[in-house]
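Single-structure report; data block below.
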There are 2 protein chains.
Amino acid sequence: MEAVGRQDTAALLRERGLRVTAQRRVILEAFREDEGGHLTADEVHTRASEPLPELARATVYNTLAEFVRAGLLRPIEGRGATRYDANLDEGHHHFRCIRCDRLFDVHPVGVDALTVAEPGFRVERTQVLLEGVCSECDAVPA
Amino acid sequence: MEAVGRQDTAALLRERGLRVTAQRRVILEAFREDEGGHLTADEVHTRASEPLPELARATVYNTLAEFVRAGLLRPIEGRGATRYDANLDEGHHHFRCIRCDRLFDVHPVGVDALTVAEPGFRVERTQVLLEGVCSECDAVPA
DNA sequence: CTCCGTGCAAAGATTTTGCAGGAAC
DNA sequence: GTTCCTGCAAAATCTTTGCACGGAG
């Protein structure tokens, strides 16, 4: 929601016990600059390569996994490549357009009870994915 | 829920407008014989290869996609390989154990309101995935 | 200085595609 | 007989791994 300055990026990394490197900074900033903030590893690589052309794909994968462990990102698994969500708000869920494959944040009504414990299972995470056609694609005949 | 005989398998395929072939029959029967019915393409291939050793992997993928289009299976996307669900009951959702990676059917309380239309999006499908540790894995120290 | 992160390349896993032969209807 | 499915093999996609160098703390 709130835009965070570049200098804060380093502080955020340090806060989470992560070493500050140029790679981590540009990767984290790629999410801040993205409207919506739902990027695939490949998209992150493309964007972060602009300021840092030497950046290897493997580093992107390693770093994204690191960020997930540190609680900076949340992986959204679905069709094809995994997308990473920088919006850590527990109350939101996702809508994927089956036409354009984009991912949107949504706040559906009536999902709050989902945190209810399931007997026999220790629930640690909940992922709600709505699928359909977004208004933009719905306007197109095809 | 109810076990369906082999002879019904062919009828079911015909009903859905699908040609009846040995491959499709053994693939569909693999789901009936599986407790829980959440198989990956590879698991389907392994099981269906028993009665039909010539069965190619590509055929399994093609056939599963066909079955999804025909409404016989529902794809459950998540970490790693996609699992296919033979339980078409709209009211159930899934729990994945992050230790053993198995998928269980669950009926969490309070999810009914999820079918609520999301303004601006035409929702066609809803996928709720709970993640955590199953009771079986929870009993193991590691 | 020490440790951890990075880059490179290669392998691994999953899924898709093209085409010719063959079976279902 | 016509149409659609299957098998084979190869490629495309997405992700992980091993190892040596180099920069962060």
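In what follows, every heavy atom counts, from backbone to side chain, and hydrogens, waters and symmetry copies are set aside. On a predicted model such as this, the values are computed, not experimentally measured, just so you know.
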Of A:Ala41 and B:Ala22, the one whose closest DNA chain D nucleotide lies more 5':
B:Ala22
Can you tell me the distance, in whole Å, between the [atom1] atom of [X] and the [atom2] atom of [N]?
X: B:His45; N: D:dG7; atom1: NE2; atom2: C1'; answer: 10 Å
X: B:Arg79; N: D:dT15; atom1: CZ; atom2: C1'; answer: 10 Å
X: A:Glu43; N: D:dT15; atom1: CD; atom2: C1'; answer: 16 Å
X: B:Arg69; N: D:dC4; atom1: CZ; atom2: P; answer: 12 Å
X: B:Leu55; N: D:dG7; atom1: CG; atom2: C1'; answer: 9 Å
X: B:Gln23; N: D:dC8; atom1: CD; atom2: C1'; answer: 14 Å
X: B:Tyr61; N: D:dA11; atom1: OH; atom2: P; answer: 18 Å
X: A:Arg16; N: D:dG25; atom1: CZ; atom2: P; answer: 17 Å

Flag the pair [X] / [Y] as yes when at least one side-chain heavy-atom distance between them is below 4.5 Å, and no otherwise.
X: B:Arg47; Y: B:Leu39; answer: yes
X: A:Asp105; Y: A:His38; answer: yes
X: A:Arg74; Y: A:Val68; answer: no

Pick base, sugar-phosphate or nothing for [X], based on heavy-atom distances below 4.0 Å to the nucleic acid.
X: B:Thr63; result: sugar-phosphate
X: A:Thr59; result: base
X: B:Asn62; result: base
X: A:Thr82; result: sugar-phosphate
X: B:Arg57; result: base

Report the nucleotide, chosen from D:dG25, D:dT15, D:dC4, that has the shortest atom-to-atom distance to any side-chain atom of B:Arg19.
D:dC4
Between B:Tyr84 and B:Phe31, is the ring centre distance below 6.0 Å?
no
Do A:Thr59 side-chain atoms and A:Leu55 backbone N/O form a donor-acceptor pair below 3.5 Å?
no
Tell me which of B:Arg14 and B:Ala81 sits closer to the 5' end of DNA chain C, going by the nucleotide each one is nearest to.
B:Ala81
Can you work out whether B:Leu18 or B:Gly80 has the more 5'-proximal nearest nucleotide on DNA chain C?
B:Gly80
Go through DNA chain C in 5' to 3' direction and return only the first and the last nucleotide with some atom under 4.0 Å of chain A's heavy atoms.
C:dC3 to C:dA9
Test: B:Arg83 and B:Glu77 ion pair at under 4.0 Å:
no
A:Arg57, CZ atom: more than 12 neighbouring heavy atoms under 6.0 Å:
no
